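One structure is given here, and the rest of the page talks about it.
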Amino acid sequence: MIALFRLLAHVPLPLMHAMGRWLGWAVWWLAPGYRRRFKAHAQAAGLTPAQYRPAIAAAGAMVAELPWLWARPQGESVLPKVLRWEGIEVFEAALAARQGVIMIVPHLGSWEMYGQAVGERFFADHGPLTALFRPARKKWMAEVLAGSRDRTGLQTLPTTVKGVRGLMRTLKQGGYTGILPDQVPPAGQGVWAPFLGRPAYTMTLLPRLAQTTGAKVFLGVCERVPGGRYVVRFEPFEGTALTDPNASIEDAAAAMNEGIERLIRALPGQYVWDYARYKQPREEMEVAQ
């Protein structure tokens with residue numbers, strides 16, 4: 001599998017995206033459970049088939065781009081693949097203020113490209129982008145992911161209490177981080193909050209970091225565009241309960257979900273609609289809060 005990833009990493013991204021779009025539709029027709037979950041989530045959000053159908057092909061394109069993102073040769077830059085940056089001036093000003101920056105980056109577009117592109121672009125002036133990372137359980141996947149995380153501009157910390165403390169220290173020292181906020185956290189590490197028309201168990205880690213560190217918060221997305229290229233966007237997220245240290249954690253989580261929902265509704269054709277966002281949280285021995 002590792003050899004296959006390394007081989008596919010040399011295939012041009014436009015071709016991989018094209019093959020991936022075919023893969024997305026193949027899975028759609030061959031996996032009825034996937035299809036039902038995908039449609040149920042999109043319809044609960046009030047979307048029409050015309051709005052969510054592009055996400056079927058986009059799911060395949062997401063899978064197809066992973067070999068290049070995870071297994072391309074070390075030193076090969078992602079930046080030539082970025083077509084443009086939107087909102088970068090405000091983001092650069094926040095980094096320069098050295099008050100810490102948190103990027104809310106949901107399962108929308110290419111979040112893997114987002115992290116690598118941002119870390120690579122700002123590493124020289126602001127150090128690496130720091131993120132929490134849970135190692136894969138399967139050995140071959142862990143080896144592949146190790147190559148993706150060991151890139152210029154990226155630094156990972158474990159999803160443990162020690163890792164969270166390290167992330168908080170990074171923010172207080174003026175560093176920056178990107179967090180996937182629409183994952184279902186373990187029991188005890190979240191609250192129930194509205195999300196795309198339904199209650200969803202929502203992480204409290206990001207809201208607590210925002211409220212306790214005073215870091216600037218941005219919504220972030222990396223949109224795929226034709227030609228194997230990408231657009232990276234930064235949107236300041238201020239004036240809500242998420243950045244108010246006096247707001248309740250329930251209100252902060254709800255505000256975060258509102259921001260994520262706004263991103264998704266602006267780009268519904270690149271959201272991962274089949275993700276089991278509304279499942280019950282699992283029990284976990286170590287609480288990373």
Side-chain angles (χ1 to χ4, degrees), residues 41 44-45 91 94 97 99-108 111 114-115 129-134 156-221 234-265 271-272 275-289:
H41 291 173
F91 182 74
Q99 296 176 0
V101 173
I102 299 172
M103 290 168 285
I104 301 174
V105 188
H107 290 85
L108 177 68
W111 58 92
Y114 185 98
L129 184 157
T130 301
L132 297 178
F133 174 60
R134 185 190 301 274
T156 59
L157 297 173
T159 54
T160 62
V161 171
K162 182 179 179 180
V164 171
R165 287 173 179 165
L167 186 56
M168 184 172 294
R169 185 163 53 250
T170 294
L171 292 172
K172 289 183 176 180
Q173 292 173 349
Y176 59 118
T177 185
I179 297 177
L180 282 166
D182 51 345
Q183 303 178 85
V184 179
Q189 300 182 39
V191 294
W192 291 94
F195 182 70
L196 291 170
R198 297 172 62 183
Y201 196 65
T202 301
M203 70 158 59
T204 54
L205 171 61
L206 194 155
R208 291 190 191 282
L209 287 172
Q211 290 181 324
T212 59
T213 66
K216 299 291 185 181
V217 180
F218 286 80
L219 297 169
V221 64
F234 306 93
E235 179 184 331
F237 195 59
E238 299 176 329
T240 72
L242 181 64
T243 55
D244 180 358
N246 297 315
S248 70
I249 196 64
E250 290 79 10
D251 287 346
M256 180 180 72
N257 280 356
E258 288 174 4
I260 299 167
E261 185 171 336
R262 186 167 70 249
L263 285 181
I264 293 169
R265 292 193 182 281
Y271 183 60
V272 183
Y275 181 61
R277 182 66 185 87
Y278 304 102
K279 65 183 180 182
Q280 291 292 319
R282 70 184 186 280
E283 296 292 334
E284 187 168 280
M285 294 298 294
E286 183 173 19
V287 178
Q289 293 256 11

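Along the sequence shown, residues carry numbers from 1. Here the structure is a predicted model, which means the values were calculated and not measured.
Atom NZ of K162 and atom CG of L157 lie 9.5 Å apart (nearest 0.5 Å). Going from atom CH2 of W192 over to atom CG of N257 covers 11.5 Å, rounded to the nearest 0.5 Å. Here the straight-line distance linking atom CG of L196 with atom CD1 of I264 works out to 5.0 Å at 0.5 Å rounding. The OH atom of Y271 sits 8.0 Å away from atom CG of L108, with the distance rounded to the nearest 0.5 Å.
Annotation for K279 and A276: closest pair CG-O, 3.3 Å, computed over non-hydrogen atoms. Taking both residues in full, the closest heavy atoms of T243 and G239 are given as OG1-N, 3.7 Å, listed atom of the first, atom of the second, then distance. L129 approaches G178 most closely through the heavy-atom pair CD2-N, 3.8 Å. Closest approach of V217 and A210 over heavy atoms only: CG2-CB, 3.9 Å. Minimum heavy-atom separation, P106 to G220: CD-O, 3.6 Å. For the pair A215 and V101, the tightest heavy-atom approach, listed with the atom from each and the gap, is CB-N, 4.0 Å.
Evaluated for a side chain to side chain contact (heavy atoms under 4.5 Å, CB included) with L242, the options E258, M256, Q211 yield exactly one hit, M256.
Below 30°, between 30° and 60°, or above 60°: for F218 and F234 the angle between ring planes is above 60°, a perpendicular geometry. Ring geometry, H107 versus Y275: the interplanar angle falls under 30°, so the pair is classed parallel (tilted spans 30 to 60°).
Looking only at distances, a side-chain donor or acceptor of R277 sits under 3.5 Å from a matching main-chain atom of D182. The main-chain N or O of F195 is found under 3.5 Å from a side-chain atom of Y278 such that the two form a donor-acceptor pair.
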message = Evaluate I249 against R208 for side chain to side chain contact (heavy atoms under 4.5 Å, CB included), listing each step before the verdict.
response = CA-CA 7 Å; I249 196 64; R208 291 190 191 282; 3.6 Å; yes
query = Going through the checks in order, is the side chain to side chain contact (heavy atoms under 4.5 Å, CB included) test met by L205 and L132?
reply = CA-CA 11 Å; L205 171 61; L132 297 178; 3.6 Å; yes
message: As a quick check of understanding, evaluate side chain to side chain contact (heavy atoms under 4.5 Å, CB included) for L209 and T177, giving each step before the final call.
response: CA-CA 11 Å; L209 287 172; T177 185; 5.5 Å; no
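The closest side-chain heavy-atom distance from P281 to P186 is not below 4.5 Å.
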Do any side-chain atoms of residues 163-175 form donor-acceptor pairs under 3.5 angstrom with protein atoms, and if so which ones, sequence neighbours left out?
| residue | atom | partner | partner atom | Å |
| --- | --- | --- | --- | --- |
| T170 | OG1 | G166 | O | 3.0 |

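Scored by the side-chain contact (heavy atoms from CB on, under 4.5 Å) test, V105 finds M103, W111, Y114 as partners (sequence neighbours excluded).
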